[in-house]
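Below, chains carry the letters A, B, ... as their sequence lines are ordered, and counting in each starts from 1. Below, all heavy atoms of this structure are taken into account, side chains as well, without hydrogens, waters or symmetry copies.
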2 protein chains.
Amino acid sequence: MIVWANGELVEAAALRIAPDDRGFLLGDGVFDTFGVRDGAPLWLDAHLARLRASAAVFGIPVPFTDDEIETAARTLAAGNGVTRGAGRLTLSRGAGQRGLLPPDPARPFALLAVAPAPAPVGPLRVLLSDIVRSSTALSSRWKTLSYIDNVEARRRASIRGCGEALLLNERGEIACASAANVFWIEGETLFTPSLDCGVLAGVTRARLLQIAKSKGVDAREGRFGLDALRTADALFLTNSVAGVVPVASLVGAAGERHFDAAGALAQTLKAAEALP
Amino acid sequence: MIVWANGELVEAAALRIAPDDRGFLLGDGVFDTFGVRDGAPLWLDAHLARLRASAAVFGIPVPFTDDEIETAARTLAAGNGVTRGAGRLTLSRGAGQRGLLPPDPARPFALLAVAPAPAPVGPLRVLLSDIVRSSTALSSRWKTLSYIDNVEARRRASIRGCGEALLLNERGEIACASAANVFWIEGETLFTPSLDCGVLAGVTRARLLQIAKSKGVDAREGRFGLDALRTADALFLTNSVAGVVPVASLVGAAGERHFDAAGALAQTLKAAEALP
């Protein structure tokens with residue numbers, strides 16, 4: 001498989017990272033993940049805008065243009081024979097001296113990979129996680145390399161036979177899944193947690209809200225406790241690789257709550273979000 | 001410089017890490033840092049116990065014995081000519097497939113480095129950080145590779161001319177510095193935040209509490225707001241590399257508050273903690 005590293009196309013098997021890279025030692029970097037359809041990146045502008053915003057928060061220089069990434073993504077998709085897949089752009093702050101203080105200037109390391117991704121799975125069993133999402137951590141609000149709380153939420157879900165995890169924040173409000181935003185429908189109203197719940201500003205999340213509003217759907221962002229799901233008709237997850245994924249059931253301490261993934265509004269949104 | 005990687009001694013300049021290492025991509029791993037004095041690791045048992053506890057939380061296998069690490073640390077100190085310095089043991093979950101779900105079984109990657117460290121600096125200016133420590137995140141309670149919130153706290157402190165940052169948690173309680181625990185003294189009483197404030201269980205923190213109690217000092221762990229520092233006589237930071245470091249002043253929105261680093265109890269504790 002070919003990857004793109006700091007502007008060069010190289011065989012992944014031949015590429016190696018320095019042991020003093022701060023991405024490796026301190027999770028000190030950002031990334032973004034986008035869908036690939038028909039060999040082209042989907043909504044790349046939005047993903048690169050988010051990556052640039054994330055990098056700016058942490059003072060990490062971005063050593064490439066959007067056009068370079070667009071070209072590289074298409075080249076990798078063609079070279080690796082990927083029509084449907086996912087791209088991941090990783091931007092580490094690069095190598096540095098011992099300790100937390102970043103080198104100045106930083107010599108960031110950028111890595112772009114495009115790989116096949118399986119078609120979206122069917123409705124998911126989701127575990128109500130015992131891992132508490134921080135509403136305040138920078139690593140909750142921005143897409144950084146410091147992802148271990150998310151990894152652990154997914155791992156614990158898998159141990160319990162679930163494909164994803166639903167995380168609440170420290171105030172008990174619904175936040176997100178380990179690698180997805182969360183939406184639910186009650187009657188004719190669409191709900192999703194507001195960003196101040198400790199939520200990543202998902203590209204698919206923003207698109208879905210926009211589509212819903214353009215169709216005259218009452219779409220509400222806010223702070224909601226778990227009680228909100230008690231009367232919900234449908235629950236689903238969104239991210240840029242899988243699109244809109246319905247939740248079949250939520251597994252909690254009090255048992256398993258099933259949702260109707262076939263509701264009319266859910267189907268409309270699924271059809272509208274333009275992912276195959 | 002020689003490092004130890006998965007049981008082999010290698011030149012750091014020749015060592016490279018796979019681009020699909022989950023430490024690099026997801027901050028998916030743990031580490032520990034210990035002092036080196038006279039070419040030997042300090043309190044290595046306590047550090048390895050903490051690293052094993054951290055790894056167990058995340059289900060990461062630990063592919064070495066304590067004796068192997070002890071021997072490797074001494075060999076690296078001798079080979080690299082380090083008498084006074086610091087060791088860092090990094091344990092990544094290793095390479096994996098795309099996505100958050102860990103590979104099973106994992107093939108972890110362990111890296112030990114021993115390098116010179118500067119002698120402790122004098123009393124520090126410390127910035128009251130605008131970064132909020134999560135009291136609930138696993139990455140607050142365990143020493144993981146997902147460290148970007150700490151990195152950013154240190155970076156912002158440096159921009160303001162400060163050597164460290166003081167972080168409060170989401171309840172406004174004093175938590176810790178970016179890479180140190182926090183203690184203060186009022187009268188004859190020693191205070192430090194309890195672990196449930198979102199605090200790493202520092203090895204030096206535990207030793208200092210033990211020493212204080214053995215000397216009959218009233219040492220209190222608890223939840224304290226910033227108000228507690230208004231009447232404090234001395235404030236200091238502890239970690240395993242620098243030992244006990246006094247705080248000269250705390251820079252906040254309302255100005256700069258100076259502390260007396262030369263108080264009698266502070267000096268006693270500094271002398272007692274057995275770091276040169």
### Message
Show the nearest heavy-atom pair for residues A:S92 and B:F24, with the distance to one decimal.
### Response
CB-CE1, 3.8 Å
## Note on the structure
Pair count under 4.5 Å, heavy atoms only, with chain A: among B:L100, B:V3, B:N150, B:I17, highest is B:I17
### Task
Identify which part of B:R171 has an atom lying under 4.5 Å from any heavy atom of chain A, answering side chain, backbone, both or neither.
neither
### Region of B:I131 that comes under 4.5 Å of a non-hydrogen atom in chain A
side chain
### Message
For B:S139, which atoms come within 4.5 Å of any heavy atom of chain A: side chain, backbone, both, or neither?
### Response
both
### Query
Which of the residues B:L15, B:T144, B:L25 is involved in the greatest number of heavy-atom pairs with chain A at under 4.5 angstrom?
B:L25
#### Entry: Which portion of B:P19 sits near chain A, non-hydrogen atoms under 4.5 angstrom
both
### Task
Name the region of B:D21, side chain, backbone, both or neither, that has any atom closer than 4.5 Å to a heavy atom of chain A.
side chain
### Query
Does any heavy atom of chain A fall under 4.5 Å from the side chain of B:R98, the backbone, both, or neither of them?
side chain
### Interface moiety of B:A86 toward chain A, non-hydrogen atoms closer than 4.5 Å
side chain
### For chain A, the option from B:F31, B:F58, B:Y147 that forms the most heavy-atom pairs under 4.5 Å
B:F58
### Segment of B:S178 engaging chain A (4.5 angstrom heavy-atom cut-off)
both
### Contact leader toward chain B among A:T90, A:D20, A:V57, where contacts are heavy-atom pairs under 4.5 Å
A:V57
### Summary
The residue among B:D149, B:V132, B:N169 that forms side-chain contact (heavy atoms from CB on, under 4.5 Å) with A:T136 is B:V132
### Message
Take a 6.0 Å sphere around CZ of A:R160 and say whether it holds more than 12 heavy atoms from other residues, nucleotides or ligands.
### Response
no
### Query
Taking B:G59, B:A115, B:A113, B:A179 one by one, which has the highest count of heavy-atom pairs under 4.5 Å against chain A?
B:G59
### Task
Could you tell me which of B:E152, B:R154, B:R155, B:R88 has the largest number of non-hydrogen atom pairs under 4.5 Å with chain A?
B:R155
### Task
Could you check if a side-chain atom of B:I148 sits within less than 4.5 angstrom of a side-chain atom of A:L138, using non-hydrogen atoms only?
no
### Query
Would one find more than 12 heavy atoms of other residues, nucleotides or ligands at under 6.0 Å from atom CD of B:Q97?
yes
